[in-house]
Amino acid sequence: MSAVPSRWSELSPSGRRVALEVLVHGPLARTELAQRLDLSTPSLTRLTRPLIDLGVLHEVDDPGDQAVRPGGRPPQPLDVDPGLEHFIGVKLTGSHAYAVLTDLRAQIVRTAQSQVDDHRPEAVVALLARLVDEVRGERPALVSAVGIGLGGIVNDGLRVGRAPFLGWRDVPLGDLLRTATGLPVVLANDLDALMEAEHWFGAGRDVSDFVALTIGAAVGCGLVVHDRLVHSVDSGLGLLGHFPLDPLGPACPDGHRGCANALLSMDSIQAQASLAVGRALSYDEVLDLALAADPIADQVVGNAARAFGVLVADVVNIAQPQRVVLTGEGIRLAEVGWDRLVASIRAHRNPEAGEVDLHLVKDDPMLWARGAAAVAIQRTVLDTLP
């Protein structure tokens, strides 16, 4: 199989800027597009004409706009054709690989998944190649690039620097998978990938600064400031998970007492409740018991929800984002403990501070796979694929 050359590769930097604005925020009327980019009408016309000729942009009807131009023709906003190109995203865990085929706006077209039984790099590459082929469908979709999201450290979009759940260090997964599939491949930390998807196509699309907090096997945090993802050499280490919340709380596996991971990870909440009731409980059983007003489970969940509120408040007090997105495999904690979470946030903020704009995004493995596809989309349209 081979990649489909992207039409975006033919764009000038100025044309790419125009097309990108429409991709993320469109459809847009020409007047609004010109205002967003601080361009004159003649300049915008000069830049959009070749984009329309290439098929990157096209005019769409706007049934809500009945205004008519002097020539008698209603104005027609510009938009991209989401089906112009397709991308594959894969969320890779220690036990499963989840794949999606998406359009240019990261809307999921098709899904597939597979169990991961063998962690050897060559075995994982073979499995991913099969999954890529499967998600393309019986009538294979034309694919421009593949994105892989995984927990850990990724270097240069090509190498897995560290992936504890696979037991990997310094594995050239991008090059290996590109050889196996014939498609451009880009790797990303899974939380970074989720952030990019929410930034361009999701809950952060209409703001320039937002933070995402995730609850799962550990506590994660991503931050976008001035429309750019904050990234460093330590991204992927899950540093916020060791943020201290309660000096008298339980210890995490690394020995940090009362840190976010010790109080909020799924395993920790499950262990606390199981110990308190005297029998083994699953994470969802703990939350179900809390909903049923079981006093012990309710206390455990309530304490965790309040601790989560402290963490949200501290992050907001420091980063001052416009929005907070809450998600992750264990985010049902926020749903069950919502009132106590919100009350805790307010209690740990200045009384004169504004309300925190909270967006709860229900977890789905395919949501994380979509994030990996979004990274492939970004790197393709920005012409920065490795």
Side-chain angles (χ1 to χ4, degrees), residues 6-71 73-85 87 102-107 144 194-212 222-231 319-325 354 357 359 370-371 373-384:
S6 173
R7 300 188 196 187
W8 292 72
S9 63
E10 303 177 44
L11 305 186
S12 67
S14 297
R16 190 183 306 277
R17 181 169 169 248
V18 172
L20 182 58
E21 193 71 20
V22 176
L23 172 66
V24 176
H25 300 290
L28 293 173
R30 285 174 169 83
T31 51
E32 182 182 355
L33 181 57
Q35 291 170 357
R36 282 176 168 272
L37 298 174
D38 195 23
L39 292 171
S40 67
T41 300
S43 294
L44 182 68
T45 300
R46 176 177 55 81
L47 289 170
T48 56
R49 186 175 294 118
L51 298 177
I52 293 173
D53 291 341
L54 275 171
V56 173
L57 296 184
H58 66 111
E59 293 180 329
V60 295
D61 294 327
D62 184 1
D65 191 347
Q66 302 301 318
V68 177
R69 293 186 294 202
R73 180 176 171 228
Q76 293 182 292
L78 292 171
D79 202 3
V80 300
D81 176 5
L84 186 67
E85 298 183 31
F87 299 83
T102 78
D103 64 17
L104 191 52
R105 279 207 170 106
Q107 294 300 305
S144 296
L194 180 70
M195 289 295 294
E196 296 290 23
E198 296 302 317
H199 180 204
W200 274 30
F201 307 113
R205 179 171 174 253
D206 59 337
V207 294
S208 60
D209 304 85
F210 74 98
V211 64
L223 179 64
V224 166
V225 177
H226 301 319
D227 279 323
R228 294 183 67 88
L229 178 68
V230 176
H231 186 84
Q320 301 183 43
Q322 296 166 274
R323 179 168 298 158
V324 177
V325 177
D357 182 8
H359 277 230
R370 173 179 176 262
V375 172
I377 294 168
Q378 285 185 328
R379 300 294 290 270
T380 298
V381 303
L382 295 175
D383 200 25
T384 57

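Just so it is clear, the model here is predicted, and its values are computed rather than measured.
- Applying the side chain to side chain donor-acceptor pair (under 3.5 Å) criterion to Glu196, with sequence neighbours excluded, gives Gln378.
- Val56 and Ala19 make their closest contact through CG1-CB, 3.9 Å (heavy atoms, listed as atom of the first residue, atom of the second, distance).
- Under the side-chain contact (heavy atoms from CB on, under 4.5 Å) criterion, Glu32 pairs with Leu28, Arg36, sequence neighbours left out.
- Summarising the geometry of Phe87 relative to Ala373, their closest heavy-atom pair is CB-O, 4.3 Å, with the distance given to 0.1 Å.
- Atom CZ of Arg105 sits about 11.5 Å away from atom CG of Leu84, to the nearest 0.5 Å.
- Taking all atoms of both residues into account, the shortest heavy-atom contact from Ala106 to Phe201 is CB-CD1, 3.6 Å.
- Listed by chain and residue number, Ser208 satisfy the side chain to side chain donor-acceptor pair (under 3.5 Å) test with Gln322 (two or more places apart in sequence, or in another chain).
- More than 12 heavy-atom neighbours from other residues, nucleotides or ligands sit within 6.0 angstrom of CG on Asp53.
- With rounding to the nearest 0.5 Å, the separation of OG1 in Thr41 from CD in Gln35 is 9.0 Å.
- In this structure, Gly26 and Asp79 approach most closely via the heavy-atom pair C-OD1, 4.1 Å.
- Considering CG of Leu51 and OG of Ser12, their distance stands at 7.0 Å, rounded to 0.5 Å.
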field: Worked verdict on Asp383 versus Leu11 for side-chain contact (heavy atoms from CB on, under 4.5 Å)
entry: CA-CA 9 Å; Asp383 200 25; Leu11 305 186; over 6 Å; no
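- Contact detail for Val225 and Leu223: the closest heavy-atom pair is CG2-CG, 3.6 Å.
- Between the side chain of Glu198 and the backbone N or O of Ala203 there is at least one donor-acceptor pair closer than 3.5 Å.
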query: Please walk me through it: do Ile52 and His58 pass side-chain contact (heavy atoms from CB on, under 4.5 Å)?
result: CA-CA 6 Å; Ile52 293 173; His58 66 111; 5.8 Å; no
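- Residue Glu85 holds its CD atom at 7.0 Å from OG1 of Thr380, rounded to the nearest 0.5 Å.
- Judged by distance alone, the side chain of Arg323 and the main-chain N or O of Val207 form no donor-acceptor pair under 3.5 Å.
- Scanning for salt bridge (charged side-chain N to carboxylate O under 4.0 Å, His left out) contacts around Asp103 gives an empty result, with sequence neighbours left out.
- In this structure the side chain of Trp200 reaches within 4.5 angstrom of the side chain of Leu23, judged on heavy atoms.
- No donor-acceptor distance shorter than 3.5 angstrom exists from the side chain of Arg30 to the backbone of Thr48, with no hydrogens or angles considered.
- The shortest side-chain heavy-atom distance between Leu57 and Val80 falls under the 4.5 Å cut-off.
- Judged as a side chain to side chain donor-acceptor pair (under 3.5 Å), and not counting sequence neighbours, the contacts of Ser43 are Ser40.
- Annotation: the span from Arg49 atom CZ to Leu44 atom CG amounts to 10.5 Å, rounded to 0.5 Å.
- A distance-only check finds no donor-acceptor pair linking the side chain of Arg370 to the backbone of Gln107 [under 3.5 Å].
- Residues His226 and Asp209 meet the side-chain proximity criterion, which asks for heavy atoms closer than 4.5 Å.
- When all heavy atoms are compared, the tightest approach of Met195 to Ala212 is SD-CB, 3.2 Å.
- For the salt bridge (charged side-chain N to carboxylate O under 4.0 Å, His left out) test, no residue two or more places apart in sequence or in another chain qualifies with Glu10.
- Side-chain contact between Leu78 and Glu59 is present, with at least one heavy-atom pair separated by less than 4.5 Å.
- Of the possible donor and acceptor atoms, one in the side chain of Arg16 sits under 3.5 Å from a partner among the backbone N and O of Trp8.
- In this structure, OG on Ser14 lies 10.0 Å from CG on Leu37, to the nearest 0.5 angstrom.
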